[in-house]
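Counting convention: from 1, in listed order, for ligands and their atoms alike. This chain uses plain numbering: 1 for the first residue, then up along the sequence.
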Amino acid sequence: MTDFLSVRDISADDFSTIVDLAIEIKRDPAPWSDKLKGKTLGMIFQKTSTRTRFSFEAGMTQLGGHAIFAQAQHTQIGIADMTDEGKVISRYVDLIMARMVANRDLVALAEGSEVPVINGCDERYHPAQALTDLVTIKEALGRTEDIKIVYVGIANNVSNSLSMASVYSKARFVLCVPEFDPPAVDEEQLDILQASGRYEQIDDLAAAMKDADVVYTDTWINMEYFDDPVFAEEKKRRIKTFKPYQVNEALLKLSGRRTLVMHCLPAHKGYEVNKTVLYHPDSVVFDQAENRLHAQKALMLWLLGEC
Ligand code: CP
Ligand code: NVA
């Protein structure tokens with residue numbers, strides 16, 4: 001049984017198999033329409049979501065299965081032992097997808113679960129997003145090998161998963177950030193990335209952006225803190241610190257070539273990306289969002305051994 005709590009839970013070959021399956025399912029969904037008949041996905045959310053919730057739920061329906069949505073606050077998860085709850089839920093369902101705040105809670109849930117668990121985005125990783133991202137790049141550019149992917153803004157859960165997924169896909173990944181989101185620091189993964197020869201951290205924006213095939217950014221403040229009054233001062237500080245890293249027309253020009261714009265969404269226009277660039281002809285953000293659906297279907301089929 002394999003979990004997908006981080007990209008590193010599966011091999012590079014398996015990652016690439018799932019990317020290709022997602023592209024195949026997008027092209028021709030019909031043969032897969034009853035592959036998960038009678039199967040149930042349990043979805044647990046401690047945080048809000050649009051894309052992750054809709055794409056997993058619709059994906060399960062399109063594969064002939066069923067999804068149960070539970071907002072964690074309306075379950076006993078807050079008062080019960082996380083590992084026990086994982087064990088119990090797994091006795092009812094075939095697969096679990098959980099969006100928890102703390103990575104340690106997700107790990108505890110997965111420890112108890114007797115079925116595969118997918119990370120739906122915690123403070124450290126967002127692997128299902130990274131899968132979609134590589135699907136989108138392969139779809140748009142025809143390959144992932146040697147594609148230069150530049151991530152600007154704050155190093156966080158999204159960049160952690162994207163960097164590993166990029167290296168798995170033989171792309172080149174450049175991180176251009178002034179800071180890491182503290183809970184997302186993963187020294188063990190950084191060592192692996194650095195040893196790959198496909199990962200660089202470059203401080204200078206112009207040098208980082210040169211010849212970029214893809215520029216990717218994400219919110220400077222994670223969803224659970226965005227409107228939290230306790231985080232208000234830190235939010236102000238981050239806006240000031242990260243403003244020079246906004247993806248806008250001037251930053252795009254630094255690449256000297258056509259550069260795809262990517263963002264996992266939701267975007268905060270005027271902060272990490274401006275409106276013109278978000279809706280630029282080279283922006284693939286809405287295809288990227290759509291691809292969550294095809295990628296989740298491929299991931300669920302693969303984890304359940306149905307492909
Ligand atoms: N990109 C992403 O995970 O979106 P949601 O937060 O809406 O699920
Ligand atoms: N870094 C963002 C990703 C949103 C999908 C967050 O955690 O809110």
Side-chain angles (χ1 to χ4, degrees), residues 4-7 22 41 43-60 67 69-72 96-106 118-137 151-165 175 177-186 216-228 230-231 234-235 238-239 241-242 245-247 261-269 271-273 278 283-297 299-300:
F4 194 54
L5 306 189
S6 83
V7 170
L41 166 72
M43 305 193 298
I44 305 159
F45 284 85
Q46 272 186 343
K47 300 186 274 184
T48 49
S49 169
T50 302
R51 282 142 287 272
T52 305
R53 193 245 163 120
F54 277 86
S55 59
F56 269 105
E57 188 160 345
M60 200 56 181
F69 168 74
Q71 196 69 44
I96 294 173
M97 189 278 295
R99 171 169 283 190
M100 313 299 279
V101 174
N103 177 261
R104 66 174 179 279
D105 285 340
L106 181 73
I118 299 167
N119 185 351
C121 185
D122 65 21
E123 65 199 345
R124 284 169 81 79
Y125 309 112
H126 198 356
Q129 178 69 51
L131 191 61
T132 302
D133 299 337
L134 271 297
V135 167
T136 306
I137 292 168
Y151 181 98
V152 301
I154 188 165
N156 63 3
N157 45 9
V158 167
S159 66
N160 274 351
S161 294
L162 180 68
S163 53
M164 201 62 228
L175 188 74
V177 300
E179 285 177 22
F180 279 66
D181 186 31
V185 174
D186 181 348
Y216 197 121
T217 193
D218 181 24
T219 182
W220 301 327
I221 299 123
N222 283 354
M223 60 183 98
E224 61 269 40
Y225 301 115
F226 204 83
D227 291 322
D228 181 349
V230 176
F231 209 77
E234 172 62 5
K235 183 175 175 179
R238 287 196 185 183
I239 290 169
T241 305
F242 292 99
Y245 295 80
Q246 183 189 74
V247 177
V261 176
M262 296 183 71
H263 190 307
C264 59
L265 302 181
H268 304 285
K269 285 175 260 189
Y271 295 92
E272 74 271 10
V273 62
L278 190 68
S283 164
V284 290
V285 298
F286 294 103
D287 294 331
Q288 188 184 351
E290 178 196 326
N291 285 340
R292 295 295 304 274
L293 175 69
H294 313 296
Q296 323 298 26
K297 287 165 79 174
L299 177 63
M300 292 191 287

Compute whether any side-chain donor of one residue and acceptor of the other, for Thr217 and Glu272, lie under 3.5 angstrom apart.
no
Anything under 3.5 Å between an N or O on ligand 2 and a protein N or O? List each pair with its distance, or write none.
residue	atom	partner	partner atom	Å
ligand 2	1 (N)	Asn156	ND2	3.4
ligand 2	1 (N)	Asn157	OD1	2.9
ligand 2	1 (N)	Asp218	OD2	2.6
ligand 2	1 (N)	Asn222	OD1	2.8
ligand 2	7 (O)	Asn157	ND2	2.9
ligand 2	7 (O)	Asn222	OD1	3.2
ligand 2	8 (O)	Met223	N	2.8

Tell me, yes or no, whether the heavy-atom count around Tyr271 atom OH, taken from other residues, nucleotides or ligands under 6.0 Å, exceeds 12.
no
Should we count OH of Tyr225 as having more than 12 external heavy atoms under 6.0 Å?
no
Strictly by modelled atom types, are Gln288 and Asp133 linked by a side-chain donor-acceptor pair under 3.5 Å?
yes
Check whether more than 12 heavy atoms from other residues, nucleotides or ligands sit under 6.0 Å from atom CZ of Phe226, and answer yes or no.
yes
What does the contact table look like for ligand 1 (nitrogen or oxygen on each side, cut-off under 3.5 Å)?
residue	atom	partner	partner atom	Å
ligand 1	1 (N)	Gln129	OE1	3.0
ligand 1	1 (N)	Cys264	O	2.9
ligand 1	1 (N)	Leu265	O	2.9
ligand 1	1 (N)	Arg292	NH1	3.3
ligand 1	3 (O)	Thr52	OG1	3.0
ligand 1	3 (O)	Arg99	NH2	3.0
ligand 1	3 (O)	His126	NE2	2.8
ligand 1	3 (O)	Arg292	NH1	3.0
ligand 1	4 (O)	Arg51	NE	2.9
ligand 1	4 (O)	Leu265	O	3.4
ligand 1	6 (O)	Arg99	NH1	2.9
ligand 1	6 (O)	Arg99	NH2	3.4
ligand 1	7 (O)	Thr50	N	2.7
ligand 1	7 (O)	Arg51	N	2.9
ligand 1	7 (O)	Arg51	NE	3.1
ligand 1	7 (O)	Arg51	NH2	3.0
ligand 1	8 (O)	Ser49	OG	2.7
ligand 1	8 (O)	Arg51	N	3.4
ligand 1	8 (O)	Thr52	N	2.8
ligand 1	8 (O)	Thr52	OG1	2.7
ligand 1	8 (O)	Arg99	NH1	3.4
ligand 1	8 (O)	Arg99	NH2	3.2

Testing Asp218, Asp181, Thr219 for side chain to side chain donor-acceptor pair (under 3.5 Å) with Asn156, which one passes?
Asp218
Side-chain donor or acceptor of Ser161 paired with backbone N/O of Tyr125 under 3.5 Å:
no
Atom pair OG1 (Thr48) and CZ (Arg53), whose distance is rounded to the nearest 0.5 Å
12.0 Å
Arg51 CZ to Leu265 CG distance, which is reported to the nearest 0.5 Å
5.0 Å
